Amino acid sequence: MINKIFVTFIASLLIYQCGFSPIYVGNPKSVVVSKMEIIGDKNLAFDLERRLNFTRDEKSTKAYVFKAQIFDAAENSLVDSRGIATEQIIRLTVTYQFLDKDGTVVYQDSVAKDKRVAVTDNISSNILVKDNEKKLLLDGIIQNILFKSKLSLN
């Protein structure tokens, strides 16, 4: 009985002194941006700029300039016996970089996501489906940009 108590006491001391501490304590600092320049499809560029929740401050000396390019592409991945595409791969790529006040690149990265989409003979329906899938892909890319920028710039 005494051995069990002694072993429990020693084990609890060892676990308590193991050096564990949480990595992410407190609120991470937000990324401060003085200017955003986004090139590419105007609808996707507008959505990207609107949904990135960077703090804007044009007068801050620690503010970054955010530059990005959006590329979207669609390629046929499955063709039926008549030679008509029945499935396409929609690919969305965003390359971006953060520059300091001197114009030096502090961080740059590229994020690409793709999705297979069924294609029908109805062109207007295909356009709606593709636009919706592009917005969903852009959601994932935005989350990736926000995560990486908060980790890399703070």
Side-chain angles (χ1 to χ4, degrees), residues 12-80 84-154:
S12 64
L13 282 177
L14 290 175
I15 291 173
Y16 180 73
Q17 298 293 330
C18 73
F20 171 78
S21 64
I23 295 173
Y24 301 109
V25 177
N27 294 333
K29 295 179 183 177
S30 63
V31 176
V32 179
V33 173
S34 64
K35 187 166 78 169
M36 294 178 80
E37 299 174 8
I38 302 173
I39 301 170
D41 179 67
K42 64 180 181 178
N43 293 329
L44 294 173
F46 177 75
D47 283 346
L48 180 65
E49 184 173 358
R50 183 178 54 86
R51 298 202 37 233
L52 286 172
N53 58 356
F54 295 137
T55 305
R56 284 256 171 115
D57 187 2
E58 295 178 5
K59 298 177 183 176
S60 175
T61 59
K62 295 183 178 182
Y64 299 102
V65 175
F66 178 78
K67 292 185 177 184
Q69 291 181 328
I70 299 177
F71 305 101
D72 61 326
E75 63 183 53
N76 296 334
S77 65
L78 191 60
V79 179
D80 66 3
I84 299 172
T86 58
E87 191 175 85
Q88 286 186 336
I89 298 175
I90 297 173
R91 182 169 290 114
L92 194 61
T93 306
V94 177
T95 59
Y96 63 96
Q97 54 185 221
F98 289 92
L99 293 92
D100 63 4
K101 64 179 181 167
D102 299 326
T104 307
V105 175
V106 177
Y107 180 73
Q108 69 180 12
D109 195 11
S110 180
V111 182
K113 294 201 178 279
D114 57 26
K115 172 98 186 214
R116 289 185 183 268
V117 177
V119 179
T120 63
D121 292 338
N122 188 349
I123 295 173
S124 61
S125 173
N126 290 341
I127 292 171
L128 290 174
V129 168
K130 288 179 188 178
D131 287 344
N132 189 34
E133 290 300 330
K134 286 179 187 178
K135 287 183 180 183
L136 292 173
L137 291 173
L138 188 62
D139 287 345
I141 290 173
I142 288 170
Q143 294 301 316
N144 196 312
I145 291 171
L146 291 173
F147 179 74
K148 287 182 177 180
S149 64
K150 287 182 181 179
L151 284 180
S152 301
L153 297 175
N154 290 327

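Just so you know, these numbers come straight off a predicted model, no measurement behind them.
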Revision key, fill the gap. When L137, V111, D41, D114 are each screened for side-chain contact (heavy atoms from CB on, under 4.5 Å) with L92, the one that passes is L137

Point to revise | Side-chain touch K115/L136, heavy atoms, less than 4.5 angstrom | key: no

Point to revise | Over 12 non-hydrogen atoms of neighbours within 6.0 angstrom of CD in E75 | key: yes

**Study point:** Chi angles and distances behind the side-chain contact (heavy atoms from CB on, under 4.5 Å) call for N126, Q88
**Key:** CA-CA 10 Å; N126 290 341; Q88 286 186 336; over 6 Å; no

Review point. Do I90 and K134 come within less than 4.5 Å of each other through their side chains, counting heavy atoms only?
Key: yes

Practice item. With rounding to the nearest 0.5 Å, note down the distance linking OH in Y64 to OG1 in T55. Key: 12.5 Å

Practice item. Take atom NZ of K148 as the centre, draw a 6.0 Å sphere, and report whether it contains more than 12 heavy atoms from other residues, nucleotides or ligands. Key: yes

Study note, to complete from the structure: In this structure, CG of L128 is separated from CD of E133 (nearest 0.5 Å) by 12.0 Å

Point to revise | Distance (rounded to the nearest 0.5 Å) between Q108 CD and T95 OG1 | key: 8.5 Å

Point to revise | Interatomic spacing from CG in N144 to CG in D139 - rounded to 0.5 Å | key: 12.5 Å

Review point. Would you call F98 and V31 a side-chain contact if the rule is heavy atoms closer than 4.5 Å?
Key: yes

Point to revise | Side chain proximity check, L146 to F54, heavy atoms < 4.5 angstrom | key: yes

Review point. Considering all heavy atoms of both residues, which atom of A45 and which atom of I38 are nearest to each other, and what is their separation?
Key: CB-CG2, 3.5 Å

Point to revise | Taking every non-hydrogen atom, the tightest pair across E58 and S34 | key: CG-O, 3.3 Å

Check your understanding: Atom NZ of K135 and atom CG of L44: how far apart are they, to the nearest 0.5 Å?
Key -> 8.5 Å

Check your understanding: Just wondering, do D72 and K130 contact through their side chains at under 4.5 Å, heavy atoms?
Key -> no

Practice item. Could you tell me the separation between the CD atom of Q97 and the NZ atom of K67, rounded to the nearest 0.5 Å? Key: 6.5 Å

Review point. What is the ring orientation for Y107 with Y96, classed by angle as parallel under 30°, tilted 30 to 60°, or perpendicular over 60°?
Key: tilted

Check your understanding: Can any side-chain N or O of D100 pair as donor or acceptor with the backbone N or O of D102 at less than 3.5 Å?
Key -> yes

Exercise for review: Report yes if some heavy atom in the side chain of I141 is under 4.5 Å from a heavy atom in the side chain of I70; otherwise report no.
Suggested key: no

